[in-house]
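Working notes, beginning with the structure itself.
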Amino acid sequence: MAKNKSAGNSRDAARQAHANQLAAEKRRSRTITWTIVGVIAAVVAIIVVVTLMNSSRSIPDAGPTPTSGTSSGGIFFEDGVPAEGDAPDEVDATEVEEPNPETAGETPTEVPGADSADIIIYADANCVHCASFEAENSEVINELAADGHSVEYRLVSFLDNPGTDNYSSRAANAATCVAEESPENTLDFISAVFASYNTHQGAGLANDELESVASDVGVDISDCMSDNTYRPFVDYTTAKAMEAGIAGTPSVWVGGEYYENTGGGESFQEFAETQLEG
């Protein structure tokens, strides 16, 4: 009887030891799993940070201007097509003066370059109000341009942020690439980029999607995009806008007069036709 009891105790001890071993292995397995997960998360975080840092560092302060570039950082159009601007061959955003803090938030009474372009439009590709303005008025702008009125788009990057991989800058660079490589398609491309806001709702488009939009209007900008060719010019445009006191987009001038872009006010077409009479 004692022998049987002893054997039973041994079996119980063996089962308990086995159970303890299984529990220990499960704990060890969970620890290893969560350690691996933690390491992967840390590696991913490091990759994201390094990628963003490298992306930022890869954009030099100074860079080339497009043929249609203006001294205010715009893309200059005549007869609906980018024409020769007055910008130097190279620009540097760090050389632009800082905005006057005393006039911050105020609408400028004058805008630089108003005597060189009939219509001046400050816009950000990721601005919902800019998208609405373009949807309502791009046809009017194209008609005015076709009638011989000069137009200048100053595409800024006010809404850049890491979450969109600085979409505003990338889209402005894309538009400038189109202006340089396929001028006749530039206004169509700008309109298409703003029209895409309805699909991405502020998330922005990836570079390959911007390249696809360009391809849809008949131009290949893949090399220009991958090289970030005109990103320094976009930075310059943005710095010049801030220097001029531009606080938001869209900001529009026609014939040197600021358009009050309000829902209950005069339509842009009425305002533009009045300003451009004669």
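Small disclaimer: the values here were computed from a predicted structure and weren't measured. The residues of the chain are indexed from 1 along the displayed sequence.
Side-chain N or O atoms of Asp165 include none that pairs as donor or acceptor with a backbone N or O of Tyr167 at under 3.5 Å. Listed for the Thr65 side chain is a donor-acceptor partner under 3.5 Å among the backbone atoms of Pro88. One N or O on the side chain of Asp124 and one on the backbone of Phe158 form a donor-acceptor pair closer than 3.5 Å. Checked by atom type and distance alone, the side chain of Ser182 never pairs as donor or acceptor with a backbone atom of Val219 at under 3.5 Å. Although no hydrogens or angles enter the test, the distance criterion places a donor-acceptor pair under 3.5 Å between the side chain of Tyr236 and the main chain of Ser71. Proximity of a side-chain donor or acceptor of Ser226 to a complementary backbone N or O of Ser222 within less than 3.5 Å is detected. Judged by distance alone, with hydrogens and angles left aside, the side-chain atoms of Ser138 form no donor-acceptor pair with the main-chain N or O of Ala135 at under 3.5 Å. Using modelled atom types, no side-chain atom of Glu211 and backbone atom of Met225 make a donor-acceptor pair closer than 3.5 Å. Counting only distance, with no hydrogens or angles, the side chain of Gln201 and the backbone of Asn198 share a donor-acceptor pair below 3.5 Å. In this structure, Thr237 contributes its side chain and Gly73 its backbone to a donor-acceptor pair below 3.5 Å.
In this structure, Phe77 and Asp118 have side chains that are not in contact, with every pair of non-hydrogen atoms separated by 4.5 Å or more. Using a 4.5 Å cut-off on side-chain heavy atoms (C-beta onward), Arg170 and Val234 make no contact. Between Glu209 and His200, the closest side-chain pair of non-hydrogen atoms is not below 4.5 Å. The shortest distance between side-chain heavy atoms of Leu276 and Leu144 falls below 4.5 Å. Taking the side chain as every heavy atom from C-beta outward, Ser150 and Phe76 approach each other to under 4.5 Å.
Relative ring orientation between Tyr259 and Phe271 is described as tilted, the plane-to-plane angle lying within the 30° to 60° band.
The side chain to side chain donor-acceptor pair (under 3.5 Å) test with Ser169 singles out one residue from Thr164, Thr238, Asp160, Asn126, and that residue is Asp160. Checking Asp147, Asn137, Val151, Leu187 one by one against Asn142, the side chain to side chain contact (heavy atoms under 4.5 Å, CB included) holds for a single residue, Leu187.
Here the straight-line distance linking atom SG of Cys224 with atom CG of Leu210 works out to 11.5 Å at 0.5 Å rounding. Note that SG of Cys130 is 12.0 Å distant from CD1 of Ile190, once rounded to the nearest 0.5 Å. Going from atom NE2 of His149 over to atom CD of Glu143 covers 11.0 Å, rounded to the nearest 0.5 Å.
At a cut-off of 3.5 Å, with distance as the only test, a side-chain donor of Ser267 or Glu270 sits close to an acceptor on the other residue. Looking at Thr70 and Glu152, their side chains do bring a donor and an acceptor atom within 3.5 Å of each other. In this model, a donor atom of one side chain and an acceptor atom of the other lie less than 3.5 Å apart for Asp92 and Thr94.
For Phe133 and Phe268, the ring centers sit closer than 6.0 Å to each other.
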*Show the numbers, then the answer: is there a side-chain hydrogen bond (donor to acceptor under 3.5 Å, both in side chains) between Glu84 and Ser68?*
CA-CA 4 Å; Glu84 187 171 354; Ser68 57; over 6 Å; no
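Within 6.0 Å of CG on Asp89 lie no more than 12 heavy atoms contributed by other residues, nucleotides or ligands.
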